[in-house]
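Residues take their numbers from the sequence shown, with the count starting at 1.
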Amino acid sequence: MTIAYLLLPGPVAVVPSGKAIDQLAQAGLRDPSALINEFGSLASFNALPARVEPDRSRLVVYGKRWAAWLYPSDHGDAYRLGHVSPLSFKDQERLLKGALVLGGTAGWWAYHHVRDVPQRLSSHWPLLCRAWANLGVTRSEVTPTMPVHHIEYLDLLTDVVEATRDIEIARQRQAPALPYRRLDSTREERHSARGVYTFQLLRNATVGRGAQVFLTDQPDLRGRVLRVEDHEVTVRFDNTVDYARIPKQGALQVLPSDRVYRAQLDAVEVLRERCAAQPHLLTQLVDHRVAPYRPDTGAQPREMLDPAQLHAFRAALTVPDLLLVLGPPGTGKTRAITEIAAASAGRGQRVLVTSHTNRAVDNVLERLPPDVRAVRVGNEDAMTAHARGFMVETQVEALRQEILAATEGAASRLAPFVGVEDQAGRWLDYLAARLAEARLADGDVRARATELAAAVERAAAPVAAQLAAADRGVRESRASLAPLAENHRNHEVRAEAARRRAASGMLAFFFRWLADRRERRLAASFQQLSAAQTAMRLAEESYGAVRARADALIAADPAVRAVTSARDSACQVREKVLGEAARAVEKTREVLRPAVTVPVGVPDDLAGWTRLEQELTSAATLARLRAGLLTQWRDQVAVAEQDLHRELVRYADVVAATCIGTATTALLAELEFDVAIVDEAGQISTPNLLVPLVRARRAVLVGDHNQLPPFLDDEVRDWADNLATDVPPAVATLIGDVLRRSAFERLYPSLGDTNRVMLRVQRRMPAELAQFVSAAFYQGLLETEHPGGPPDPVFRAPLAMIDTSDQPATRRREQPDRSADGLGRPGYVNELEARLIVQFLGRYATRYADWAVIVPYRAQAELITQLLTKELGDTGVVDNVGTVDSFQGGERDLIVYGFTRSNHRGEIGFLSELRRLNVAITRPRRQLVLVGDTATLRTARDPGFAALIQSLTDHLDAVGDRRPSREIESVLGA
């Protein structure tokens, strides 16, 4: 982190703009001066962080809750407050990269208009720019100007996000409170300490699963909706909440939140500031230009992949910027993603696996090999049970227990060195005391030895001269004896040599003569040596006699006896305490040995004992340090949850989160990724897609733009449609395109074959169904590997349809539903189709243990759910019936799809979105049963839909089984 402290020499004037005032008012802050006063208060403590953005010529100031964009006035005397937003994790990332910390006691002042600012004031903008330049955060090289069409693209995205946000926030604010009449605790499975409670409402809930709510009278009690069932809403609170604190009757209020839009705007701002991890991301998205490369043809996956999957795998490991993988239903997208993620992690790269939905993210986690370190970040309530095992909270608890268990042995070994249990310290203290006694005793011994020497000298004084003379005689005799002994040895050697040479040979006579001569000399040296030895013996005897008289005098002397007794007592004391010291040493070694290396050996003198004490003390000090550090570390592990969270994420191979989740959790702040793998990319809007992309150096987008497009709210669609009156037609068209089409859909046709791959072999659907899907949606490129299945008892083919056009119009037609479905559109029900579906499943649901009913409208889904529950009982029917959106990415053995719409006008509503039909009919593994009125469907007012239904019925008649509904009623009723 790079920071510099800057003391401003004078006050700062700020003029809030109308936009900033509105932004603060929407958040409940009516007086902008309160925010500006807060900046002044922080500055007075030298604690106001700020950043200078030269490219945008603005100062960004960060308060306790808000980030404010300040633009210097033309006259340099004030700032215009142009924009404010709640602090986000992206703000934290920016501050960590570099910040000015502003100080000064002159204050920050708010003014209504620039003309009200006194002329003597200054914005200090040049001073701030110089300080920022000296900080070295800005690039040293000149940054080229961003192309105009890139700026226009970013401005367009900003407009789209802000408009969508304003529409959504307005809707949330207008939502009425939800009064409840009873509060119940619940035994909901908990993965954290937060409280979970169920509220019984006075009327049907108008809040969706995942919405954030708060208690009207206690806004600090906030939570997220886990489940909604008619009048019952289950809420998991953000913190532990005492049951007694929640009123038994009260109201829940939806909490307006713009966190999603803040994440999107932050991503756009990262691109605008050219701070994306992939520096050419804008060029790829806007100009559809990518860098050339060659796929790594030698890379091998862990599992067997078909040729197209293998191509995608190898390209994904090598592509420097962007790869698109088109994955039609059943072609093994998840398998390919898993292999790419595992291989990238194996190369030491940090991988982000993300998607629009939690389920898609969790599917990848389920397939990752166990040696890949993966963490799941996000809302635990939206995760699968398996994915919760990858949650940071779950893994941290397991890691904590693992660490504590792994260090338990060391902690036990080091326990004797902690606090009152410091056994080594006690033994060392005992050793030090004994050695102190030994030193005193040794000093006494040395003193007594000196006294004894003096006493002995006094006692032996009468014979001292004789003893000295006798000692001198012994030394002189010894001195004279040594050369004689050496001479005798030499004569022995020479005589022996002569004797050996005299035994034989031509010169034997000479050597016999020489040997006799040397024998004579040897005898003479022997006589001399014997005489000297006799003299030596006599001198020693004389010395011994004198020594005996001296010893007798010394032994009889009372003073000598007294000093000798005292010396012996001191020696005994010294030996006793050294014995006790030796026992202390062994005990200390016994305590230290499990923890550290201990010195060995037994000293010979007190200096050695001192060195041994020092070595043992050093060893004990080391053990205490280790014990203290380990104890502190274990204590910290038990409480440092957030630190462990961050470290676990930082060192993970794979991080899994939804697109928005990558920017709305502090755990991922600052984190960049080597590769982002985005599943369901064809369903993700561009603003959402940017959130993970700006954090990755390269990206692999896996999706299918022939399936569900990005969700578009009706009010947002109306806003886009009405733009033609406010902006040029080209801009309105581009905005509509950004809203209605994903970046994946716009990019895929424009990229070359090196940057796009289509998975071609599907293994989910029966061939009869796959043939139609391939021809209708994938230009006939989809291949099939499917084993087929046993014959169905009702239909002659795995692709079948119950055609209700044989029924009277009054019986088969739809009915409008008064409520709106989950997408905000008017709903429809079709009782005939609902009863046919229930009748069919009532008889054959047990044949297909894994089945589902898909219909376009929530009202129709609710009707079928009610009827099926009566028919089959409560056997998980709710989870088996839903709209198309709820089954995106799923698959079942049996899929029943009801079109619902039946009218003489050919009106089909949003069924005209052909991709929704593609999603619905590509879910089955064994059998697809369509239920609908072909008379309406084939004459639909939408020509594209009518043509598709015509080709579908033709295909049904050729290889499938299209049957009149009355015939099916007869078969089922038999």
Between Thr394 and Arg388, is there a donor-acceptor pair closer than 3.5 Å when you use the side chain of the first and the backbone of the second? yes
From Val445, Leu440, Asp444, residue fulfilling side-chain contact (heavy atoms from CB on, under 4.5 Å) relative to Arg574: Val445
Can you see which heavy atom on Gly98 is nearest to which on Leu135, and at what distance? C-CD2, 4.5 Å
Distance col, row Arg439:CZ vs Trp609:CH2, nearest 0.5 angstrom, shows 11.0 Å
Pairwise side-chain contact, Leu452 with Thr564, heavy-atom cut-off 4.5 Å (strictly under): yes
Can you name the closest pair of heavy atoms from Arg448 and Val563 and give their distance? O-CG1, 3.4 Å
Which pair of non-hydrogen atoms, one from Gly389 and one from Gln395, has the smallest distance, and what is that distance? O-CG, 3.6 Å
Do Phe390 and Val375 make a side-chain contact, defined as non-hydrogen atoms from C-beta onward lying under 4.5 Å apart? no
Test: Arg489 and Glu496 ion pair at under 4.0 Å: no
Between atom CG of Leu95 and atom OH of Tyr62, what is the distance when rounded to the nearest 0.5 Å? 5.0 Å
Evaluate the side-chain proximity of Arg698 to Pro320: yes if any heavy-atom separation is below 4.5 Å, no if none is. no
Could you check whether any side-chain N or O of Arg376 sits under 3.5 Å from a backbone N or O of Val655, counting only pairs where one atom can act as donor and the other as acceptor? no
To the nearest 0.5 Å, how far apart are CZ in Arg650 and CG in Leu648? 12.0 Å
N/O donor-acceptor pair under 3.5 Å between Asn134 side chain and Arg130 backbone: yes
Charged N to carboxylate O under 4.0 angstrom, Arg521 versus Asp516? no
Would you say CD of Gln533 has more than 12 non-hydrogen atoms from neighbouring residues, nucleotides or ligands within 6.0 angstrom? yes
Could you grab the distance from atom SG of Cys571 to atom CG of Asp568, nearest 0.5 Å is fine? 6.0 Å
Donor-acceptor pair, side chain of Ser344 and main chain of Gln349, under 3.5 angstrom: no
In this structure, CG of Leu529 is separated from OG of Ser480 (nearest 0.5 Å) by 10.0 Å
Quick one: do Arg695 and Asp674 make a salt bridge, cutoff under 4.0 Å? no
Going by the side-chain contact (heavy atoms from CB on, under 4.5 Å) test, name the single residue among Asp653, Val654, Val353 that passes it with Leu368. Val654
Would you say the side-chain atoms of Arg697 pair up with the backbone N or O of Pro279, donor to acceptor, closer than 3.5 Å? no
Pair Trp132, Leu100 - check side chain to side chain contact (heavy atoms under 4.5 Å, CB included), show working. CA-CA 7 Å; Trp132 184 256; Leu100 293 174; 3.8 Å; yes
Would Arg475 and Asp471 pass as an ion pair if we require N to O under 4.0 Å? yes
If we only count heavy atoms from C-beta on, is the Pro603 to Thr610 side-chain gap below 4.5 Å? no
Heavy-atom pair with the smallest gap, counting every atom of Ala532 and Leu484: CB-CD1, 3.4 Å
Between Thr631 and Ala627, is there a donor-acceptor pair closer than 3.5 Å when you use the side chain of the first and the backbone of the second? yes
Which heavy atom of Ser477 sits nearest a heavy atom of Ala539, and at what distance? OG-CB, 3.6 Å
With a 3.5 Å distance limit and no angle check, can you tell me whether Glu486 reaches the backbone of Leu481 through a side-chain donor-acceptor pair? no
Could you tell me whether a side-chain N or O of Arg518 sits under 3.5 Å from a main-chain N or O of Arg494, the two making a donor and an acceptor? yes
Side-chain heavy atoms of Val649 within contact of Leu668, under 4.5 Å: yes
Counting only heavy atoms not in Asp605, do more than 12 fall under 6.0 Å of its CG? yes
Glu339 bridged to Arg302 by N-O distance under 4.0 Å: no
Which heavy atom of Leu435 sits nearest a heavy atom of Ala581, and at what distance? CD2-CB, 4.0 Å
Less than 4.5 Å apart, side chain to side chain, heavy atoms only: is that true for Asp557 and Arg458? no
CA sep, side-chain torsions, deciding dist, call: Leu128, Leu102, side chain to side chain contact (heavy atoms under 4.5 Å, CB included): CA-CA 9 Å; Leu128 289 163; Leu102 306 182; 3.7 Å; yes
Side-chain touch Leu578/Leu606, heavy atoms, less than 4.5 angstrom: yes
Assess whether a salt bridge exists between Glu586 and Arg589, defined as any Lys/Arg side-chain N lying under 4.0 Å from an Asp/Glu carboxylate O. yes
Give the C-alpha distance, both sets of side-chain angles, the deciding distance and a yes or no for side chain to side chain contact (heavy atoms under 4.5 Å, CB included) between Glu393 and Glu380. CA-CA 10 Å; Glu393 293 82 358; Glu380 66 182 78; 5.8 Å; no
Please confirm whether the backbone N or O of Ala584 pairs with a side-chain atom of Thr588, one donor and one acceptor, at under 3.5 Å? yes
Take Gln466 and Arg549 through the test side chain to side chain donor-acceptor pair (under 3.5 Å) and record every step on the way to the result. CA-CA 10 Å; Gln466 298 177 21; Arg549 288 197 299 273; 2.8 Å; yes
Run the side chain to side chain contact (heavy atoms under 4.5 Å, CB included) test on Val573 and Glu437 for me, step by step, so that the C-alpha distance in whole Å, both residues' side-chain angles and the decisive distance to 0.1 Å come before the verdict. CA-CA 8 Å; Val573 171; Glu437 293 178 13; 5.9 Å; no
Compare all side-chain heavy atoms of Leu431 with those of Val585 and state whether any distance is below 4.5 angstrom. yes
Does the ring of Tyr430 carry Arg434 above it, NZ/CZ under 6.0 angstrom from centre and within 45° of its axis? yes
Approximate separation, where rounding is to 0.5 Å, of Ile554 CD1 and Arg561 CZ: 12.5 Å
Do the side chain of Arg373 and the main chain of Tyr651 share a donor and acceptor less than 3.5 angstrom apart? yes
